[in-house]
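These notes concern the structure reproduced below.
What you are looking at is a predicted structure, and each value in this text was computed from that prediction instead of being measured. Starting from 1, each residue takes its place in the sequence as its number.
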Amino acid sequence: MRSNFPQYDLTSRIAKSKIDASFNNMPSVRLKGVESPETGNFKQVFTGMLDELNTEMNAPDNMLKDLMSGNKNVDIHDVMTAMSKSEITINVATQMVGKVINAYDRISQISV
């Protein structure tokens, strides 16, 4: 009894991701990121992250001011979403700071 369903070779249709470990002698993207960083300046990366954090923190306040001034393009749901996003961003930033401090403490305890 033959089925009426079409037969597909799905494995040949799947595109390989750049994140896959070396495939057909092609280096992984993860290794490339370590070997040649896009930016060599930690200060620029950290400053960019702080600027984004500041923007996320100010977004709910700015949206609330627009809503209270009668701007029809801002909805209370947008303000609540921005507040939740801001709270999550602060939680992640706090955890990152804790991890960095913990790593620094561990590195400073290494005896040379």
*asked:* Ignoring hydrogens, what is the shortest heavy-atom contact between P60 and S86? Give both atom names and the distance.
replied: CG-CB, 3.9 Å
What's the spacing between [X] [atom1] and [Y] [atom2] if we round to 0.5 Å?
X   : Y    : atom1 : atom2 : result
N73 : M63  : CG    : CE    : 10.5 Å
M68 : I76  : CE    : CD1   : 10.0 Å
K99 : N102 : NZ    : CG    : 7.0 Å

Under 4.5 Å between side-chain heavy atoms, hopping through other hydrophobics if needed: is there a path connecting [X] to [Y]?
X    : Y   : result
V100 : L50 : no
I90  : M83 : no
L64  : M57 : no

*Give a yes or no on whether the backbone of H77 and the side-chain of T81 come within a donor-acceptor separation of less than 3.5 Å.*
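Yes.
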_Residue pairs fulfilling side-chain hydrogen bond (donor to acceptor under 3.5 Å, both in side chains) with at least one residue in residues 58-69, sequence neighbours excluded_ =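 Passing the test, one end in residues 58-69: N54-N58.
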